[in-house]
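Structure, as structure tokens:
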Amino acid sequence: MEGGPGTIRIPSARTRPQDPPGQGRLTPQLETMLLWLTLTLLWSSTCWADETFGPGGGTYFMISKNNEDELTGIRVFIGPVGLIKSIQVRYGSSWSEKYGIPGGKSYELLLQPSEHITRIFGRYRKFIQCLTMYTSRGNKTSFGKEIGKGFFAAASQNRKVLIGVYGQYRLYGLTSIGFLWDYPRGGMTSAQHKSVSSEE
């Protein structure tokens, strides 16, 4: 139907001359939705935590295990005002790529053979402020400052353990974080459980 004076007609997606067949552009919102749909299909629902913690915003990341090695350590980089700037995960004896913002002082949790991370407590404001990891051997290691709104994460089923981390980062550090859980494969080869710090 033709509109009256001043009416602007918007051509349908099928008839837009700037979008030849098969060459249409996705909006940022649709791209984000497709990204999370793809991630959901790649991982069964039992592997994902129920929620992501923090206000969010920025670049997405996901660190997940390969088919051979167990998670054997976590490395967190803390900025001068206590924000968690970036994070790495170790599988077997190899560290993943670091995700987040450059800089900060590094702190590590290295797991004993057959030790796993089973629960996580954290805090956030505009950025993730603190992560406290609890292991299957009763050990506890904290990263960052315990200020802000608290959250707690654990597997939805018994005997599942932490196998990966995902979230977002921008500006000064991590804006959100979530956790992947699954059953352990066993046979970890790792160094002693300890927390260490060193300048990047």
Treating Ile, Leu, Val, Met, Phe, Trp and Tyr as nodes and any side-chain heavy-atom pair under 4.5 angstrom as an edge, say whether [X] and [Y] lie in one connected cluster.
| X | Y | result |
| --- | --- | --- |
| Ile101 | Ile63 | yes |
| Val165 | Ile78 | yes |
| Leu109 | Val76 | yes |
| Leu174 | Leu171 | no |
| Val89 | Leu162 | yes |

### Query
Other hydrophobic cluster members with Phe121, side-chain heavy atoms of Ile/Leu/Val/Met/Phe/Trp/Tyr under 4.5 Å, chained?
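Via sub-4.5 Å side-chain contacts, Phe121 links to Tyr134.
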Is a side-chain donor or acceptor of [X] paired with a backbone partner of [Y] at a separation under 3.5 angstrom?
| X | Y | result |
| --- | --- | --- |
| Thr175 | Gly57 | yes |
| Ser96 | Gln88 | no |
| Ser136 | His116 | yes |
| Tyr91 | Ile163 | yes |

With rounding to the nearest 0.5 angstrom, report the [atom1] to [atom2] distance, [X] to [Y].
| X | Y | atom1 | atom2 | answer |
| --- | --- | --- | --- | --- |
| Gln129 | Phe143 | CD | CZ | 15.5 Å |
| Ile128 | Ser86 | CD1 | OG | 13.0 Å |
| Tyr107 | Ile84 | OH | CD1 | 11.0 Å |

### Task
Assess whether side-chain contact (heavy atoms from CB on, under 4.5 Å) is satisfied between Thr132 and Lys140, documenting all intermediate values.
CA-CA 7 Å; Thr132 300; Lys140 169 187 169 184; 3.7 Å; yes
### Message
Does the plane of the ring in Phe53 sit parallel, tilted or perpendicular to the ring in Phe151? Use 30° and 60° as the thresholds.
### Response
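Answer is parallel, since the angle falls under 30°.
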Nearest heavy atoms of [X] and [Y], plus distance in Å:
| X | Y | value |
| --- | --- | --- |
| Gly79 | Lys85 | CA-CD, 3.4 Å |
| Trp181 | Ile117 | CZ3-O, 3.7 Å |
| Glu115 | Gln112 | OE1-N, 2.8 Å |
| Phe77 | Ser106 | CE2-CB, 3.4 Å |
| Arg159 | Tyr183 | O-CD2, 3.9 Å |

### ring pair (Phe, Tyr, Trp, His ring centres under 6.0 Å) partners of Tyr99, counting only residues at least two apart
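Ring pair (Phe, Tyr, Trp, His ring centres under 6.0 Å) list for Tyr99, sorted by chain: Phe61.
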### Task
For Tyr172, check side chain to side chain donor-acceptor pair (under 3.5 Å) against everything at least two apart and list the hits.
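Listed in chain order: nothing, the list is empty.
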### Test side chain to side chain donor-acceptor pair (under 3.5 Å) applied to Ser176 - qualifying residues, sequence neighbours left out
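Scan of Ser176 (side chain to side chain donor-acceptor pair (under 3.5 Å), adjacent residues dropped) gives Gln168.
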### Task
Report yes if the side chains of Ile87 and Ile177 come closer than 4.5 Å at any heavy-atom pair, otherwise no.
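Counting from C-beta outward, Ile87 and Ile177 do come under 4.5 Å.
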### Query
Are side-chain heavy atoms of Ile120 and Leu131 found at a separation under 4.5 Å?
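Yes, their side chains come closer than 4.5 Å.
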### salt bridge (Lys or Arg N to Asp or Glu O under 4.0 Å) partners of residues 73-84, not counting sequence neighbours, each pair once
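Salt bridge (Lys or Arg N to Asp or Glu O under 4.0 Å) check on residues 73-84 returns Arg75-Glu108.
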### Query
What pairs of residues pass the side chain to side chain donor-acceptor pair (under 3.5 Å) test when at least one of them lies in residues 118-127, not counting sequence neighbours?
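Pairs touching residues 118-127 that pass the test: none.
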### Query
Which of these passes side chain to side chain contact (heavy atoms under 4.5 Å, CB included) with Arg90: Asp69, Ile74, Leu110, Leu111?
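Only one option passes, and that is Leu110.
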